[in-house]
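Count residues from 1 along the sequence. All values reported here derive from a predicted model rather than from experimental measurement.
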Amino acid sequence: MKQIITIQHCQSQQHVNGMMGGWNDWELTELGREQAKRLGERLGLELAGQSVKIYSSDLKRAAQTAGPLAEKLGLEVEYRKELRELNGGPQLQGRSKAWYREYRQNCGFQVDERPLPGMETKRELYRRLESICQEVIARPEDTVILVSHGGALMVWNILWLGLPPETMNTCGIQGKAGAVGVFDCFEGSGMRRITRIGDLSYILD
């Protein structure tokens with residue numbers, strides 16, 4: 001059995017400054033750095049002695065979340081663009097959440113909709129994550145860790161369950177900053193399951 005652990009990056013600047021996330025390269029806040037430190041210590045203790053591989057989005061807020069855990073385990077992080085948040089396109093750069101909420105009042109966000117020119121669709125994000133999902137399953141390590149973003153991990157949850165992208169037209173499974181999910185893959189049978197999702201216990205004081 002292979003274990004995949006997902007980590008949604010800890011509190012970052014866009015959580016408190018009213019700005020959009022996406023591919024805007026925000027750093028963690030002071031609280032977010034403390035959360036990442038706690039997560040690294042606690043999860044690192046659980047994984048001690050296991051063979052572990054760590055992947056992370058290359059955006060700063062994810063990389064800074066992955067850092068303390070990698071240090072605790074004595075591992076290098078492999079940074080992958082595939083684990084980035086949904087790409088909002090050039091028009092979303094430097095925009096506030098209030099601006100985007102107002103803009104979206106008259107448009108939806110179904111799986112193939114592109115609210116802004118150059119914006120990634122949910123289906124495109126699903127396909128982007130699909131390739132790394134297969135890579136993760138093929139890894140030789142007992143545990144593979146993915147440090148990513150809320151929107152990307154919402155899509156990952158749908159993908160992992162084997163549900164089609166169209167599922168996202170009606171539902172989604174999304175955690176909060178610092179949330180941990182645990183996913184099992186039974187080699188041979190190919191059966192997948194979600195053991196834990198949205199676990200915030202690693203970052204709580």
*Does NZ belonging to K176 count more than 12 external heavy atoms closer than 6.0 Å?*
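No, the 6.0 Å shell around NZ holds no more than 12 heavy atoms from other groups.
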*asked:* Please check if the number of heavy atoms outside K2 that lie under 6.0 Å from its NZ is greater than 12.
replied: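 Count over threshold, so yes.
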*Please report the C-alpha distance between Q50 and T143 in whole Å, then the side-chain angles of each, then the deciding distance to 0.1 Å, and finally whether the side chain to side chain donor-acceptor pair (under 3.5 Å) criterion is met.*
CA-CA 7 Å; Q50 294 187 30; T143 299; 2.7 Å; yes
Under 4.5 Å between any side-chain heavy atoms of [X] and [Y], yes or no?
| X | Y | value |
| --- | --- | --- |
| R84 | D58 | yes |
| K122 | N169 | no |
| R42 | I203 | no |
| L45 | K72 | yes |
| I197 | Q174 | no |
| Q11 | R61 | no |
| W26 | K60 | no |
| L146 | I7 | no |

Table please: side-chain donor-acceptor pairs of residues 181-196 below 3.5 Å, with sequence neighbours left out.
from : atom 1 : to   : atom 2 : distance (Å)
D184 : OD2    : R193 : NE     : 2.8
D184 : OD2    : R193 : NH2    : 3.0
D184 : OD2    : T195 : OG1    : 2.6
S189 : OG     : F186 : O      : 3.3
S189 : OG     : M191 : N      : 3.2
R192 : NH1    : W160 : O      : 3.4
R196 : NH1    : D199 : OD2    : 3.1
R196 : NH1    : Y202 : OH     : 2.9

Interatomic distance, [X] atom [atom1] to [Y] atom [atom2] [nearest 0.5 angstrom]:
| X | Y | atom1 | atom2 | answer |
| --- | --- | --- | --- | --- |
| N87 | T121 | CG | OG1 | 11.0 Å |
| L161 | N157 | CG | CG | 7.0 Å |
| I54 | E78 | CD1 | CD | 11.0 Å |
| L159 | C133 | CG | SG | 4.5 Å |
| L43 | R38 | CG | CZ | 15.0 Å |
| E71 | K37 | CD | NZ | 10.0 Å |

[X] and [Y]: same hydrophobic cluster, using ILVMFWY side-chain contacts below 4.5 Å?
| X | Y | value |
| --- | --- | --- |
| Y79 | W23 | no |
| V155 | V136 | yes |
| I4 | L83 | yes |
| L153 | M168 | yes |
| M154 | W156 | no |

Run the salt-bridge test on [X] and [Y] with the 4.0 Å N-O cut-off and return the result as yes or no.
| X | Y | value |
| --- | --- | --- |
| R123 | D112 | yes |
| R95 | E102 | no |
| R114 | E124 | yes |

_Determine whether R33 and E30 satisfy the following criterion, salt bridge (charged side-chain N to carboxylate O under 4.0 Å, His left out), listing intermediate values before the conclusion._
CA-CA 5 Å; R33 291 178 186 275; E30 184 176 345; over 6 Å; no
*L39 and its side-chain contact (heavy atoms from CB on, under 4.5 Å) partner, picked from L200, V180, L204*: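 Filter result, single survivor: V180.
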Nearest heavy-atom neighbours spanning [X] and [Y]:
| X | Y | answer |
| --- | --- | --- |
| T65 | P68 | O-CD, 3.5 Å |
| Q8 | A177 | NE2-N, 3.6 Å |
| S57 | A62 | CB-CB, 3.6 Å |
| G88 | L116 | O-CD1, 4.0 Å |
| V147 | A66 | CG2-CB, 3.8 Å |
| P164 | Y126 | CA-OH, 4.1 Å |

_For H9 and H149, take the angle between the two ring planes, folded into 0 to 90°, and tell me which bin it lands in: parallel under 30, tilted 30 to 60, perpendicular over 60._
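Taking H149 first and then H9, their aromatic rings stand perpendicular (interplane angle over 60°).
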*Would you please test I5 and L47 for side chain to side chain contact (heavy atoms under 4.5 Å, CB included) and show each step?*
CA-CA 11 Å; I5 297 176; L47 297 175; 4.1 Å; yes
_Derivation and outcome, side chain to side chain contact (heavy atoms under 4.5 Å, CB included), residues I145 and Y55_ = CA-CA 6 Å; I145 296 168; Y55 291 102; over 6 Å; no
*Counting N and O atoms only, with roles assigned by atom type, does the side chain of E34 sit under 3.5 Å from a partner on the main chain of L31, one being a donor and the other an acceptor?*
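Between the backbone of L31 and the side chain of E34 there is no qualifying donor-acceptor contact (under 3.5 Å).
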_Donor-acceptor contact present, side-chain E85 to main-chain A152, <3.5 Å_ =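 Side chain of E85 to backbone of A152, a donor-acceptor pair under 3.5 Å: yes, one is there.
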*Yes or no on side chain to side chain donor-acceptor pair (under 3.5 Å) for S12 and Q14, after CA distance, side-chain angles and deciding distance?*
CA-CA 6 Å; S12 59; Q14 93 274 8; 2.4 Å; yes
*For side chain to side chain contact (heavy atoms under 4.5 Å, CB included), just list the numbers for W99 and M20, CA-CA rounded to whole Å, side-chain angles, deciding distance to a tenth of an Å, and then say yes or no.*
CA-CA 9 Å; W99 178 88; M20 290 298 297; 6.0 Å; no
*asked:* Quick one, V52 with D142, criterion side chain to side chain contact (heavy atoms under 4.5 Å, CB included). Give me CA distance, side-chain angles, the key distance, then yes/no.
replied: CA-CA 6 Å; V52 179; D142 299 325; over 6 Å; no
